Amino acid sequence: MTQPAAQAGAGRGRIAARFAKLKAEGRGALMPFLEAWDPDRETSMAILRGMPGAGADLIEVGVPFSDPMADGPTVQLAGQRALKAGGSLAGAIGMVREFREADDATPVVLMGYFNPIMSYGVERFCADAAAAGVDGLIVVDLPPEEADAMASAATHGLDMIRLVAPTTDDKRLPMVLNGISGFIYYVAIAGITGTRSAESSALAEAIPRLRKHTDLPIAIGFGVRTPEQAAEAARIADGAVVASALIDTLAKSLDDQGRAAPDTVSRVLDQVRDLAKAVRAG
């Protein structure tokens, strides 16, 4: 059953077009994550630029924040490295702007927390993000009851994407889905990122329940780490988000001072290629 309100405020269409294209091809999407400015802007930018060629269908860019409450140690440490390198909300927007100079097709979603957006100024942020080529926003700690705080997103053609947790029941789902566009980010585990893997039996039960409430694509994240898990998530839903596993690879490549090594970028992109190969193989 389509929920009309979930289509209200639809963004510029790059995300919808990409999911429609993949559906026509008969496969799900791979959405890798990177933390902006981790461990430095140059390395992070090189990874971002290389992701589409490595098989990314959409890209999720994390905005470094000092108190990422939904994220586990892996993403927290990535955020700390990024902040130490000078990363910020403006810095993440700047990376997308530069990325768009060579890629006008791959959808990019910014994922972060409301405090930096509020400090930046909501209207200014939405205008700058849209002008830079951002397609969608995930504001992790903004509940649907406070959604009006980000009303400017729709005005500027940005998809507002919301997290749906395993604990979200049928009574609350309509409120959670109201006013969103782009896709639904299904949190596969009850807990923080990077701590354990999703269970296929639970996903097989949860995704059909969500589809009764919306026709928006569903991407599964939080607990998708291996190529096999990514392929399974993309089969059960419409896409797989891989974050902590990629950050772990980056972190393990760094030297004792936390600096990027000559093979940092290639190691991360090789992992994206492995994930993409599995997703495409189904």
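Since the structure is predicted, the reported quantities are computational estimates derived from the model, not experimental observations.
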Taking every heavy atom of Arg162 against every heavy atom of Ala147, the minimum-distance pair comes out as NH2-CB, 3.5 Å
Does Glu228 come within less than 4.0 Å of Arg235, counting only side-chain N to carboxylate O? no
Return the minimal non-hydrogen interatomic distance between Pro64 and Gly79, and the atom names on each side. CB-O, 4.0 Å
Within this structure, what is the CG-CD1 distance for the pair Leu216 and Ile15, rounded to the nearest 0.5 Å? 10.5 Å
Compare all side-chain heavy atoms of Glu35 with those of Arg81 and state whether any distance is below 4.5 angstrom. no
Any link between Leu83 and Leu48 through a network of hydrophobic side chains (Ile, Leu, Val, Met, Phe, Trp, Tyr) touching at under 4.5 Å? no
Between Phe99 and Trp37, is there a shared hydrophobic cluster once you connect ILVMFWY residues whose side-chain heavy atoms come closer than 4.5 Å? yes
About how many Å separate CD of Glu205 and CG of Leu210, when rounded to the nearest 0.5 Å? 11.5 Å
CE of Met95 to CZ of Arg41, rounded to nearest 0.5 Å, is 6.5 Å
Applying salt bridge (charged side-chain N to carboxylate O under 4.0 Å, His left out) to Arg273 and Asp270, what does each step give before you reach the verdict? CA-CA 5 Å; Arg273 287 186 186 91; Asp270 283 347; 2.9 Å; yes
Shortest non-hydrogen contact from Val242 to Val224? CG1-O, 3.6 Å
Keeping the roles fixed (side chain from Arg49, backbone from Ala102), state whether a donor-acceptor pair exists under 3.5 Å. no
With a 3.5 Å distance limit and no angle check, can you tell me whether Asp141 reaches the backbone of Phe114 through a side-chain donor-acceptor pair? yes
Residues, nucleotides or ligands: over 12 heavy atoms within 6.0 Å of Glu123 CD: yes
Can you tell if the side chain of Pro39 reaches within under 4.5 Å of the side chain of Leu250, non-hydrogen atoms only? yes
Side-chain donor/acceptor of Glu146 to backbone N/O of Leu142, under 3.5 Å: no
Out of curiosity, Ile220 CD1 to Ile236 CD1, how far, rounded to the nearest 0.5 Å? 5.5 Å
Suppose the criterion is salt bridge (charged side-chain N to carboxylate O under 4.0 Å, His left out): which pairs have a residue in residues 102-112, not counting sequence neighbours? Arg14-Asp104, Arg100-Asp103
When rounded to the nearest 0.5 Å, the distance separating OG1 of Thr106 from CE of Met51 is 11.0 Å
Grab the two heavy atoms, one from Gly28 and one from Val279, that are nearest each other, plus how far apart they are. O-CG1, 3.5 Å
Report the C-alpha separation of Met160 and Val139 in whole Å, then their side-chain angles, then the decisive distance to 0.1 Å, and conclude whether the side-chain contact (heavy atoms from CB on, under 4.5 Å) test is met. CA-CA 8 Å; Met160 280 302 298; Val139 186; 4.2 Å; yes
Those residues at least two apart in sequence (or on a different chain) that pass ring-ring contact (aromatic ring centres under 6.0 Å, His included) with Phe183 are Phe19
Interatomic spacing from CD1 in Ile218 to CZ in Arg211 - rounded to 0.5 Å: 4.5 Å
Check Ala92 against Val63 and note the closest heavy-atom contact, atom names and distance. CB-CG2, 4.1 Å
Given Ile138, Ile161, Val61, the one that forms side-chain contact (heavy atoms from CB on, under 4.5 Å) with Met111: Ile138
Begin from the C-alpha positions of Met45 and Glu42 and carry the test side-chain contact (heavy atoms from CB on, under 4.5 Å) through to its verdict. CA-CA 5 Å; Met45 194 68 228; Glu42 182 181 2; 5.8 Å; no
Does the side chain of Val268 reach to within under 4.5 Å of the side chain of Gln271, using non-hydrogen atoms? no
If you define the side chain from C-beta out and look only at heavy atoms, does anything of Tyr120 sit under 4.5 Å from Asp128? yes
Looking only at heavy atoms, what is the nearest atom pair of Ser253 and Thr264, with distance? OG-OG1, 2.7 Å
Can you find a pair of side-chain heavy atoms, one from Asp170 and one from His213, that are under 4.5 Å apart? yes
Does the Asp135 side chain pair with the main chain of Val109, one donor and one acceptor, at a distance under 3.5 Å? no
Would you check if Leu34 and Leu246 make a side-chain contact, meaning some heavy-atom pair closer than 4.5 Å? no
Test side-chain contact (heavy atoms from CB on, under 4.5 Å) on Leu177 and Val164; report intermediate values, then the result. CA-CA 8 Å; Leu177 298 177; Val164 175; 4.2 Å; yes
Does the side chain of Ser266 come under 3.5 Å of the side chain of Asp263 through a donor N or O and an acceptor N or O? no
Assess whether side-chain contact (heavy atoms from CB on, under 4.5 Å) is satisfied between Cys126 and Met150, documenting all intermediate values. CA-CA 8 Å; Cys126 291; Met150 288 297 300; 3.9 Å; yes
Are Tyr186 and Pro166 side-chain neighbours, meaning at least one heavy-atom pair lies under 4.5 Å? yes
How about Leu203 and Gln229: do any of their side-chain heavy atoms sit closer than 4.5 Å? no
